[in-house]
Number of protein chains: 2
Amino acid sequence: MLYAGFMSAALPPLSRPQEPVDPPELLQLGAEPDVDEPCLRADAARNRARLLEAAARLVAEHGAAGLTMEAVAAAASVGKGTVFRRFGDRTGLLTALLDHSERKFQAALLAGPAPLGPGAPPVERLRAFGCAMLRRCVEEMELQLAAEPSPDRRYTIPPRRFLRGHVALLLRQALPDADGELLAHTLMAYLDPALIHHLTAQCGMPLERLEAGWQDLVSRVTRTDPPG
Amino acid sequence: MLYAGFMSAALPPLSRPQEPVDPPELLQLGAEPDVDEPCLRADAARNRARLLEAAARLVAEHGAAGLTMEAVAAAASVGKGTVFRRFGDRTGLLTALLDHSERKFQAALLAGPAPLGPGAPPVERLRAFGCAMLRRCVEEMELQLAAEPSPDRRYTIPPRRFLRGHVALLLRQALPDADGELLAHTLMAYLDPALIHHLTAQCGMPLERLEAGWQDLVSRVTRTDPPG
DNA sequence: AAACGATCCGGACCGAGGTCCGCTTATCGT
DNA sequence: ACGATAAGCGGACCTCGGTCCGGATCGTTT
């Protein structure tokens, strides 16, 4: 219910017969099409769309940090309770605003062209993944920061689980004997929006340095020769 | 009784002539003794102590998550404004509760026995650092989680800067040619309280696995032989 | 001791997130 | 078409973090 899609625009078919694909274990972790809300009542769907539209407009006008739930409700000519019933909380609303881009990104990972999508060797896919994440994060920095969940939900929300699962999958392919889950957490932490924002906006680091840092990190983590 | 020592109990002298010490660049990043509050007025100091005592009691009773600023003020028989003037915000109050343990930890890093303190080779100090952090984090998990700062302050508050600076220092010693700052962020991210909590409490991972993961991560990151 | 200025105190006040419950409306079976 | 029922709606209400300013207190100076 929290992360249902914009207008549940069905993803393009995620497998093309002649191309390589990832194992299907990750698919169910993606942003669920309408799992929680199998079929919204007509008025509810209409209000949902109006709310998202209003929220997007208000974010464009006053910034994501200044977005208040009451303002969204008012701008959509809808009661405050409706906003919370539909999106759960403020984080849920912001997350919904990011949903469209999230789906595109997931689709690119699962079925897009290599090296981001399947077909390239795992380490190369990891390298591409990091750079794509960095770019996407910088693009949507404001929303990403405002949508940060509380500490106890931070690692359990579906989008992050999906991305982390993707990284873990690639790591297991590259390093069958390592603890892919923990290493995936480590790599994902490097791509945390709050960290990226700190380094770029607050410390003034150029994005190139962050990308080089990612390449270096992937190299170090996936190095397979024995310790020196 | 975790939060016993309140008033800025002066740290033990941080350098002993006959023992190895770290360069002094980090010292000023530690928890400031009374930099912000050079000399509190008598009544203010008294109120500050009562507030910390009351807060510690309320945390023990109702958990850190359930702590409200108004309750602390009432329990200390003090006005609400006093709490905010003294500690800035909720995060500041929780951070103050962690200050004693933080100082002890910093002292152990700067002047304690090897391998945590100076004297051991940097990689060995890194290994010890991670395990010590993991243990400390688990001990004070509740407070650590409740005291998490907002995303834009997360990487700038003095305690974290100090710890990260320490890691960066060790990394630069071990890997003079690497980007120690970025790698320090990566290593520190592995030790983030929210992540530790997720893995141990929510995923049920035993602490041993996290420690092994840290050792593995340090090995991979500090490996100096050429990529395979 | 008395007065004065800087510091501090207190609690009324505000804004925003989140909840609740009686009312409304869409949907579906007949 | 129509009633029954479940889903949705709205906005009053609550809590809590954070602010503000008139008045009290401390420490110092003369």
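Below, read A as the first sequence line, B as the second, and so on, with proteins coming before strands; counting in each chain starts at 1.
- Annotation: salt bridge (charged side-chain N to carboxylate O under 4.0 Å, His left out) contacts of B:D43 (sequence neighbours excluded): B:R41.
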Base, backbone or nothing for each nucleotide of nucleotides 15-22 of chain D, written B, S, -, heavy atoms under 4.0 angstrom, 5' to 3'? -SBBBB--
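- Taking the ring pair (Phe, Tyr, Trp, His ring centres under 6.0 Å) definition, one finds that A:H197 meets it with nothing, sequence neighbours left out.
- Taken from CG in B:L52 to CG in B:L93, the straight-line distance is 6.5 Å, to the nearest 0.5 Å.
- The pair A:E139-A:R135 does not meet the salt-bridge criterion, since no charged nitrogen lies less than 4.0 angstrom from a carboxylate oxygen.
- Applying the salt bridge (charged side-chain N to carboxylate O under 4.0 Å, His left out) test to B:R154 and every residue at least two apart in sequence or in another chain returns A:E148, B:E148.
- Here CZ of B:R48 is found 9.0 Å from CG of B:L51. Values are rounded to the nearest 0.5 Å.
- An end-to-end axis angle of 0° holds for the helix from C:dA1-D:dT30 to C:dT30-D:dA1, taken from five base pairs per end and rounded to 10°.
- If you check the side chains of A:E102 and A:Q106, you find a donor sitting under 3.5 Å from an acceptor.
- When the C1' atom of C:dT24 is taken as reference, atom CG of A:N47 falls 13 Å away, rounded to whole Å.
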Enumerate the protein-to-nucleotides 25-28 of chain D contacts in which both atoms are nitrogen or oxygen and the separation is below 3.5 Å.
unit_1	atom_1	unit_2	atom_2	d
D:dT25	O2	B:R41	NH1	3.2
D:dT25	O2	B:R41	NH2	3.1
D:dC26	O4'	B:R41	NH2	3.4
D:dG27	OP1	B:A42	N	3.3

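- The nearest whole Å value for the distance from the CZ atom in A:F87 to the P atom in C:dG18 is 14 Å.
- Side-chain contact check for B:M205 versus A:L182: some heavy-atom pair is nearer than 4.5 Å.
- Judged by distance alone, the side chains of A:T91 and A:D89 never bring a donor and an acceptor atom under 3.5 Å apart.
- With no hydrogens or angles considered, a side-chain donor-acceptor pair links A:E140 and A:S101 at under 3.5 Å.
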